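Data first, discussion second: the structure below is written as structure tokens.
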Amino acid sequence: MRESTKAAIGGIISALAVVIMLCTYISPLLVYTAPPFAGLLLILIVNELGYKWAIGTYISISLLSVFVIADKESGVFFTMLFGYYPILAIFFDEKIKNKVIKQIIKLFIFNGACVSSVVICMVVFNISYDDLFEDGIVFFVLFAVLLNVLFFVYDILVTRLQVLYILRMQKKFRKLFNIR
């Protein structure tokens, strides 16, 4: 495949991901749901163009989402976790065979990224998270546990969408872009 075709596909996916991130203007709920959906688009890039192009596309989406989108919180969440996670999940699924070790590593990365995202939002963008601690430590711990459960659901979604893409959509995508 020519480099110009790869750049065009990366640009199209980047634009589509930024449009998804721009949906944060519609509803405050989309601040937390748009970044994971935008990240899922990188499954296409990993499978068709490889890790190098997926990382480049992730960087372009991250820069655009942090600098262009007014809601900095969603841009930070995309940049710190949901943008690179589908790339990383596919890589881990290929390289690490032990499922327990793989899940522990993924959980460690998720929790580190969550803490980093919140710290960046608080320090750099002056976003307050006081309401998380308003109801006490029990609520905060419950919230953290529920976030980890949602992460496992997202991890399953990434894995299943990759399989679905390969089995059902890859031929159509390659035909659309004349990829052999």
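Sequential numbering from 1 along the given sequence is applied to the chain's residues. Everything numeric in this text was worked out from a predicted model, so none of it was measured. Values below: every heavy atom of this structure, side chains too, minus hydrogens, waters and symmetry copies.
What you find for Ile61 and Ala17 is that their closest heavy atoms are CD1-CB, 3.5 Å. The heavy-atom pair separating Leu42 from Gly83 by the smallest distance is CD1-O, 2.8 Å. Summarising the geometry of Phe173 relative to Ile9, their closest heavy-atom pair is CZ-CG2, 4.0 Å, with the distance given to 0.1 Å. Closest approach of Met80 and Ser116 over heavy atoms only: CE-CB, 3.5 Å.
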### Message
What verdict does the side chain to side chain contact (heavy atoms under 4.5 Å, CB included) test give for Glu94 and Ile90, after you've listed the backbone C-alpha separation in whole Å, the side-chain angles of each residue and the deciding distance to 0.1 Å?
### Response
CA-CA 6 Å; Glu94 290 176 358; Ile90 293 169; 3.9 Å; yes
### Query
Checking side chain to side chain contact (heavy atoms under 4.5 Å, CB included) for the pair Leu40/Tyr154: CA distance, chi angles, key distance, verdict?
CA-CA 10 Å; Leu40 291 175; Tyr154 184 71; 3.8 Å; yes
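One distance of note links NZ of Lys102 with CG of Asp155; it measures 8.5 Å at 0.5 Å rounding. With rounding to the nearest 0.5 Å, the separation of CE in Met169 from CD1 in Ile43 is 8.5 Å. Atom OG1 of Thr57 and atom CH2 of Trp53 lie 7.5 Å apart (nearest 0.5 Å). Rounded to the nearest 0.5 angstrom, Asp93 CG and Phe91 CZ are separated by 11.0 Å. The NZ atom of Lys6 sits 6.5 Å away from atom CG of Leu49, with the distance rounded to the nearest 0.5 Å.
Within the 4.5 Å cutoff, no side-chain heavy atoms of Lys106 are placed close to those of Phe110.
For Tyr84 (side chain) and Gly39 (main-chain N/O), no donor-acceptor pair under 3.5 Å exists by modelled atom type. Using a distance-only test at 3.5 Å, with no hydrogens or angles considered, no donor-acceptor pair links the side chain of Lys99 to the main chain of Ile96.
Under the 4.5 Å side-chain heavy-atom criterion for grouping Ile, Leu, Val, Met, Phe, Trp and Tyr, Val119 is not connected to Val76 through any hydrophobic cluster. Residues Leu150 and Leu88 do not share a hydrophobic cluster, defined by chaining ILVMFWY side chains whose heavy atoms lie under 4.5 Å apart. Transitive grouping of hydrophobic side chains (ILVMFWY, heavy atoms separated by less than 4.5 Å) brings Val18 and Tyr25 into a common cluster. Both Tyr165 and Phe82 are assigned to one and the same hydrophobic cluster, defined by single-linkage of ILVMFWY side chains at heavy-atom distances under 4.5 Å. When the side chains of ILVMFWY residues are joined at heavy-atom separations under 4.5 Å, either directly or via intervening members, Val68 and Phe78 end up in a single hydrophobic cluster.
Ser14 and Ser60 are linked by a side-chain donor-acceptor pair at a separation below 3.5 angstrom, with hydrogens and angles left out of the test. For Gln162 and Asn47, the side-chain atoms include at least one donor-acceptor pair closer than 3.5 Å.
Of the listed residues (Leu167, Leu161, Ile166), just one forms a side chain to side chain contact (heavy atoms under 4.5 Å, CB included) with Val163, and that residue is Leu167. When the options Val66, Thr24, Thr33 are evaluated for a side chain to side chain contact (heavy atoms under 4.5 Å, CB included) with Ser74, the one that passes is Thr24.
Ring-centre distance between Tyr85 and Phe151: below the 6.0 Å cut-off.
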